[in-house]
> 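Sharing a structure here in structure tokens format.
Just so it is clear: chains get the letters A, B, ... in the order the sequence lines come, proteins before strands, and each one is counted from 1.
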Amino acid sequence: MKKNSSRFFYAFILNRCVMYLCNMSKVRVRFAPSPTGGLHLGGVRTVLYNYLYAKKQGGDFIVRIEDTDQTRFVEGAEQYIFDCLKWCGMEPDESPLHGGPYAPYRQSERKETYKQYAEQLIKDGFAYYAFDTTEELENMRANFKTPENPSPQYDGKIRMQMKNSLTLSTDEVKKLLTENARHVIRIKMPAQEIISFTDMIHQEVSFDSSLVDDKVLLKADGMPTYHLAVVVDDYLMKISHAFRGEEWLSSAPVHILLWKYLFGLEHMPQWAHLPLIMGPSGKLSKRDGAKYGFPVFAMNWPQAPSASDPKTNELAEGFKEKGFLPEAFINLLAVLGWNDGTEQELYSIEELIESFSIDRVHTAGAKFDFEKAKWFNQEWIKKLPVSHYQQRVKDLFESKSILIKNDTHFNKVLELVKERCVLLTDFYDQAVFFFIAPLQYDEASVKSKWDNTKSDFFSELIARYNLIADWNLISIETEFKNLATEKNSKIGELQMLLRVILVGSKMGPGVFVIAEAIGKTETVNRIEKALVNFSMF
RNA sequence: GCCGCGUUGGUCAAGGGGUUAAGACGCCUCCCUUUCACGGAGGAAUCACGGGUUCGAAUCCCGUACGUGGUACCA
């Protein structure tokens with residue numbers, strides 16, 4: 001106790017010192033999705049690492065919607081993202097739905113802000129207007145294309161051959177601008193500069209500015225591109241740490257430069273580029289889900305209906321609907337690319353917050369393994385009390401037309417079978433027979449064993465069972481075993497037959513436990529029914 | 001092509017100069033159970049390759065190969 005509190009004290013002091021030395025304000029992280037479709041594995045892991053880091057430091061978790069591409073906007077996607085976060089147990093502190101001091105949190109609603117910064121960059125000579133049409137850009141790419149350079153860039157080498165405010169006269173530019181000619185604003189990448197920064201995962205990363213193209217900052221429709229928008233918003237929203245997928249690493253130099261030009265490197269958040277999650281063959285995609293039979297989205301996502309191809313109007317399955325518990329989903333994602341150095345694998349969200357550290361995140365991408373994912377779910381089903389997921393299982397039963405009348409009894413049944421369920425959906429097969437009599441039997445197991453002595457035994461068992469006043473595990477088992485002994489029959493064999501009679505197949509918990517649970521009347525009914533059916537084998 | 005990032009069993013991974021190279025999933029065998037699981041005991045399987053540095057390299061350095069991301073008025 002004493003040791004703990006002193007440890008806490010020193011940790012606290014250390015923390016304060018670090019904050020003082022770095023002149024650090026509050027930890028603020030953001031998850032910035034585009035509302036273009038389902039939220040997949042990688043996305044959820046990115047949120048998770050953001051969330052864990054923020055919560056561990058007592059910081060804020062912000063969700064910002066990056067909807068700057070109006071052509072890719074999908075109705076309902078934003079709400080879906082929030083639903084997924086809620087299901088996963090990660091409530092944002094600030095977001096378009098939750099509000100906050102830096103609203104609006106939707107980039108489309110901050111359009112004018114970005115424009116000012118873009119103009120500022122032009123004024124300072126760090127950016128320029130470009131008037132090239134789509135055709136002109138295509139021509140450029142076609143003309144400069146060589147086997148050695150299959151995808152020419154709009155960069156320092158060719159910008160002087162294009163139609164922009166660097167090549168046109170001031171008057172021409174002014175004229176085009178007043179005429180409202182379609183144009184974009186591009187960053188002017190410096191000719192020779194090594195741009196480097198420290199990534200919390202990859203350590204030192206550096207780029208040669210001459211190899212990076214003049215990225216568009218402000219599009220012709222006045223919307224910013226991601227590059228401008230992240231930097232501006234991260235600054236305005238006082239983001240302290242920016243964790244994102246590794247697919248952004250290549251464009252990091254653009255963002256670093258923008259920070260330098262606009263706000264100063266000292267205000268820049270600390271970066272961490274998270275390795276990508278892979279599918280069985282390469283990058284994890286929606287297709288992998290269909291191909292290998294596992295979900296890639298957090299929750300079901302109805303693919304956008306397409307008039308030209310009705311096949312695309314299908315459902316992308318989610319972990320929730322597949323039968324995963326959010327606890328398991330979060331757990332498996334957290335340890336896919338991170339571990340705390342101990343042998344622990346099962347973590348609650350609170351334990352994750354406690355143990356998480358960004359510097360123990362792997363540098364390499366990890367392949368998603370569905371078998372292991374299922375194992376996590378199985379462990380969580382065993383670990384959590386049945387009451388935790390009872391409603392979901394109840395809904396499952398009711399969707400299959402089995403009405404649950406008694407919740408206490410239902411709870412007991414689930415308790416009996418929980419350790420043999422991997423997915424929540426398994427509860428149906430594992431427990432249906434507690435509610436309805438088997439419709440068919442495992443014939444192969446019965447055929448070789450069934451004869452007159454067996455049918456005599458079960459006929460007499462019915463009589464004995466009918467006499468039991470107190471229907472409980474002991475009386476059921478005792479009667480059964482006594483009768484078997486009297487008849488000089490093999491108990492094990494008869495037990496197996498009783499199991500098939502009650503369940504339909506060789507599965508489930510102890511036979512007498514099942515008999516007790518379904519009750520005397522139902523047990524007797526099922527034996528009677530089997531006596532008729534088995535006579536045909 | 002160019003640039004970035006990466007590479008420990010099939011998968012997730014610990015280990016970061018001297019280890020019999022942890023552990024988990026999956027697979028196999030056995031025990032438990034005349035069921036299916038759970039549980040328990042075992043087993044097979046690994047440092048991408050080639051050069052250095054070193055008494056000693058999975059570990060440090062350099063190449064190569066492979067993978068992956070970027071190379072859009074997408075994010």
> Taking for each residue the nucleotide of RNA chain B with the nearest heavy atom, is it K283(A) or P224(A) whose nucleotide lies nearer the 5' end?
K283(A)

> Just one of R159(A), R186(A), Q153(A) clears the side chain to side chain donor-acceptor pair (under 3.5 Å) bar with D214(A), so which one?
R159(A)

> Applying a 4.0 Å non-hydrogen cut-off, can you work out what K382(A) is touching in the nucleic acid: base, sugar-phosphate, or nothing?
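The residue K382(A) makes sugar-phosphate contact but no base contact.
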
> Does either side chain, that of Y105(A) or that of D233(A), offer a donor lying less than 3.5 Å from an acceptor on the other one?
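The answer is no; no qualifying pair exists.
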
> Look at K215(A) together with D213(A) and state whether they make a salt bridge at an N to O cut-off of under 4.0 Å.
yes

> Measure from the side chain of D369(A), starting at C-beta and using heavy atoms only, and say which of A75(B), G10(B), A24(B) lies closest.
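Ranking A75(B), G10(B), A24(B) by closest atom to the D369(A) side chain puts G10(B) first.
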
> Categorize D132(A) for me: base, sugar-phosphate, or nothing, with a 4.0 angstrom heavy-atom threshold over every strand shown.
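Touches a base.
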
> Taking only the P atom of each, what is the distance from G43(B) to A22(B) in whole angstrom?
12 Å

> For D67(A) and for Q430(A), locate the closest nucleotide of RNA chain B by heavy-atom distance; then report the residue assigned to the nucleotide nearer the 5' terminus.
Q430(A)

> Side chain of D69(A) only, heavy atoms from C-beta on: which candidate in G23(B), C74(B), C5(B) is closest?
C74(B)

> Mark yes or no for a side-chain to base donor-acceptor pair under 3.5 Å between K215(A) and A72(B), with no hydrogen or angle criteria applied.
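Side chain to base: no pair present.
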
> Looking at every heavy atom in both S206(A) and S196(A), which two are closest together, and how far apart are they?
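The pair with the smallest heavy-atom distance is CB-CB, 3.3 Å.
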
> Using a heavy-atom cut-off of under 4.0 Å over every strand shown, decide if V511(A) touches base, sugar-phosphate, or nothing.
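No contact.
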
> When you measure from the side-chain N and O atoms of N339(A) to the phosphate of A13(B), is any distance below 4.0 Å, counting only OP1 and OP2?
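Indeed not, no polar side-chain atom of N339(A) lies that close.
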
> Is the phosphate of A14(B) approached by H362(A) (side-chain N or O, under 4.0 Å from OP1 or OP2)?
yes

> Would you please confirm or rule out a distance under 4.0 Å between OP1 or OP2 of U35(B) and any side-chain N or O of S505(A)?
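It does not, given that no N or O in the side chain of S505(A) lies less than 4.0 Å from OP1 or OP2 of U35(B).
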
> Look at all strands and tell whether V500(A) reaches a base, only sugar-phosphate, or nothing, counting heavy atoms closer than 4.0 Å.
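No contact.
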
> Could you work out the separation of U54(B) and U64(B) based on their P atoms and round it to a whole Å?
23 Å

> Less than 4.0 Å between a side-chain N and a carboxylate O, is that true for E371(A) and K374(A)?
yes

> Between C73(B) and G63(B), how far apart are the C1' atoms? Round to whole Å, please.
41 Å

> Within the 4.0 Å heavy-atom criterion, would you say S34(A) contacts the bases, only the backbone, or no part of the nucleic acid?
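Sugar-phosphate contact only - S34(A) comes under 4.0 Å of backbone atoms but never of a base.
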
> On a whole-Å scale, what distance lies between the P atoms belonging to C28(B) and A14(B)?
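Roughly 27 Å separates the two P atoms.
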
> Please determine, for the side chain of L276(A), which listed nucleotide (U71(B), U68(B), G15(B)) has the closest atom?
U68(B)

> So which nucleotide from G26(B), U34(B), G15(B) ends up closest to the side chain of E371(A)?
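Nucleotide nearest to E371(A)'s side chain: G26(B).
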
> Under 4.0 Å, heavy atoms only, any strand: does Q107(A) hit a base, just the sugar-phosphate, or nothing?
nothing

> Using a cut-off of strictly less than 4.0 Å, decide whether R72(A) has a side-chain nitrogen or oxygen near OP1 or OP2 of A75(B).
no

> If you look at every strand shown and take non-hydrogen atoms under 4.0 Å, does P147(A) touch a base, only sugar-phosphate, or nothing?
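Since only primed, P, OP1 and OP2 atoms lie under 4.0 Å of P147(A), the category is sugar-phosphate.
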
> Mind checking if A220(A) touches a base, just sugar-phosphate, or nothing, with heavy atoms under 4.0 Å?
base

> Among G39(B), A75(B), U11(B), which nucleotide sits nearest the side chain of E379(A)?
G39(B)

> For the backbone of M496(A) and the side chain of K449(A), can you confirm whether one donor and one acceptor N or O come within less than 3.5 Å of each other?
no

> Say you pick atom P in A58(B) and the same atom in U19(B); how far apart are they, in whole Å?
9 Å

> Once you apply a heavy-atom cut-off of 4.0 Å, does M278(A) come out as touching a base, just sugar-phosphate, or nothing?
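Result for M278(A) = sugar-phosphate.
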
> Mind checking side-chain contact (heavy atoms from CB on, under 4.5 Å) for Q70(A) and listing every partner two or more places apart, or none if nothing turns up?
D221(A), M223(A)

> Which part of the nucleic acid, if any, lies within reach of V184(A) when heavy atoms closer than 4.0 Å are counted: base, sugar-phosphate only, or nothing?
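Base contact.
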
> I'd like to know if R420(A) reaches the base of C38(B) with its side chain, counting only an N/O donor and acceptor under 3.5 Å.
no

> Please pick, from C73(B), G1(B), A24(B), the nucleotide with the shortest atom-to-atom distance to any side-chain atom of L137(A).
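The closest nucleotide is C73(B).
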
> Answer yes when K506(A) and D442(A) have at least one side-chain N-carboxylate O distance shorter than 4.0 Å, and no when they do not.
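Answer for the salt bridge query: no.
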
> Taking everything shown except I194(A) itself, do over 12 heavy atoms lie less than 6.0 Å from its CD1?
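It does: I194(A) CD1 has more than 12 such atoms within range.
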
> Which is true for S251(A) with a 4.0 Å heavy-atom rule: it touches a base, it touches only sugar-phosphate, or it touches nothing?
nothing

> Base, sugar-phosphate, or nothing for E493(A), non-hydrogen atoms under 4.0 angstrom?
base

> Would you say R186(A) places a side-chain N or O within less than 4.0 Å of OP1 or OP2 belonging to A72(B)?
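Indeed not, no polar side-chain atom of R186(A) lies that close.
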
> Looking across every strand, which nucleic acid part, if any, lies under 4.0 Å from R141(A) by heavy atom: base, sugar-phosphate, or nothing?
sugar-phosphate

> Would you classify G337(A) as touching base, sugar-phosphate or nothing, given that sugar-phosphate means primed atoms plus P, OP1 and OP2, and contacts are heavy atoms under 4.0 Å?
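The answer is sugar-phosphate, as G337(A) gets under 4.0 Å only of primed atoms, P, OP1 or OP2.
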
> At under 4.0 Å, does any side-chain N or O of K219(A) touch on OP1 or OP2 of A75(B)?
yes

> If I pick the P atom on A44(B) and the same atom on C5(B), what distance separates them, to the nearest angstrom?
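Their P atoms lie roughly 40 Å apart.
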
> Where the side chain of R182(A) is defined as all heavy atoms beyond and including C-beta, which of C73(B), G26(B), G70(B) is the nearest nucleotide?
C73(B)

> List, one per line, each side-chain donor-acceptor pair under 3.5 Å for residues 424-435 of chain A, sequence neighbours excluded.
{"unit_1": "D426(A)", "atom_1": "OD2", "unit_2": "V422(A)", "atom_2": "N", "d": "2.9"}
{"unit_1": "D426(A)", "atom_1": "OD2", "unit_2": "L423(A)", "atom_2": "N", "d": "2.9"}

> My validator wants the stems of RNA chain B: runs of 3 or more consecutive Watson-Crick or G-U pairs, both distances under 3.5 Å, written as range with range.
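The stems are B:1-7 with B:65-71, B:10-12 with B:23-25, B:27-31 with B:39-43, B:48-52 with B:60-64.
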
> Distance between the P atoms of A37(B) and U29(B), in whole angstroms?
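The same atom, P, in both gives a distance of 13 Å.
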
